[in-house]
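Please read the structure below before turning to the comments.
Model, not experiment: these values are computed from the prediction. When a ligand or atom number is given, it counts from 1 through the structure's own listing order.
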Amino acid sequence: MKIEHIEAFHLSARCEPAFQSAFSTFDARTACLVKITTDSGLVGWGEALGPAAINKSIILSLKKPLIGKNPLHIEPLWLSIYSQLRDQGQRGVTLCAQSAIDMALWDIAGKFWQAPIHALLGGAFRQKVKAYATGGFRVIGQRHCDTVQAECQQYQAAGFQGVKIKIGYGVEEDLLSIQTARAVLNQGEKLMIDANHGYDMLEAIRLGKEAYLYDIDWFEEPVLPELLANYREVRQKQPIPVAGGETWHGRTHFQWVLDHRCVDILQPDVAGCGGITEIKKIISAAETAGVRVVPHVWGTLINLAASLQVLAIIPPQPPRFADNPLWLELDQTNHPFRHAIGQSSHSLEMGEMTISQNPGLGIDIDENLLKPFIVHD
Ligand code: CA
């Protein structure tokens with residue numbers, strides 16, 4: 001079997017009303033998808049986290065050395081791509097683009113061997129995972145605590161047992177939103193906060209000390225992702241567990257984070273950290289360091305499907321009869337084409353999602369359904 005074609009698609013759709021994290025306004029949802037076709041007719045799909053147009057151009061620049069290669073030689077292909085970009089790559093968007101290619105190769109491998117990807121990776125520890133709702137962004141023109149209250153009620157009614165809200169808009173405003181969210185959620189329902197690196201170290205420490213009263217499971221991206229020493233200091237000087245990982249790439253970067261004890265919870269994104277090949281190594285490193293892994297998930301049903309395969313293979317932390325539940329991040333914000341590009345067998349029931357046992361990623365992407373969203377750049 002040989003790789004015959006590699007195509008990359010930049011998708012975009014307007015998003016009304018626009019919403020904001022601490023540092024960016026989402027008035028459109030975008031994605032970069034990759035489709036790899038083999039001479040046997042098998043096709044694999046992948047998705048890259050991050051800027052779609054740049055991801056697309058990197059993927060297309062990697063086409064030539066991949067055409068004609070055996071798509072089942074995933075580790076050698078991973079190293080070959082990484083080595084081509086290593087000198088000025090190693091991190092960032094180059095690893096995001098590589099993640100999409102790697103994901104598509106695993107999809108092909110699963111279809112070739114007629115097995116879900118988790119079976120090829122050594123087998124699943126679990127068949128389903130609990131999902132938490134990601135939302136609570138700021139909606140322009142509305143009070144954050146009001147929209148947080150309405151969203152938490154909605155997620156609770158939908159059966160979610162955990163909710164993550166956005167903060168990083170200012171300590172006072174954020175504490176009001178956190179207090180409001182906790183007042184809606186019952187005891188035992190999880191509440192997480194995500195600052196999208198909207199604080200400096202002193203603000204993050206102050207927020208953590210005051211928000212601790214509201215039973216917060218984790219404090220995500222408190223400070224800028226480059227400032228790993230500040231991460232460590234936030235972890236040491238306030239009581240809420242610190243989480244991060246969606247902006248880190250490659251196992252050497254994650255190893256540094258683990259070695260320096262910068263987080264309590266590691267959040268690699270399979271569409272950004274280097275793909276399925278690399279996240280398996282990052283999971284092993286976290287297991288060795290005794291650090292919990294809760295993958296970051298953002299994007300379309302392709303990344304959702306890949307993340308579910310990854311969640312299947314994360315070892316219990318620690319092994320024991322009553323498994324410490326693993327959490328799937330389920331973005332609840334408006335995304336016009338998240339599920340509109342194909343079919344999957346995923347369904348959410350009582351806040352839990354079943355992991356696909358179908359070959360590969362377990363999804364069918366229909367290229368015709370992409371057409372309304374394609375940006376021709
Ligand atoms: Ca986040």
Trp298 and Phe137 aromatic ring geometry - parallel, tilted or perpendicular at 30°/60° bounds: tilted

The Ca ion (ligand 1) reached by Glu221 (N, O or S, under 3.0 Å): no

N, O or S atom within Glu246 nearest to the Ca ion (ligand 1), by name: OE1

Glu349 atom CD: more than 12 heavy-atom contacts under 6.0 Å: no

Atom of Glu220 closest to the Ca ion (ligand 1), considering N, O or S atoms: OE2

Ser177 side chain to Thr180 side chain, donor-acceptor N/O pair below 3.5 angstrom: no

Other ILVMFWY residues reachable from Trp218 by side-chain steps of under 4.5 Å: Tyr132, Met192, Ile265, Val294, Trp327

Proximal heteroatom of Asp194 relative to the Ca ion (ligand 1) (N/O/S): OD2

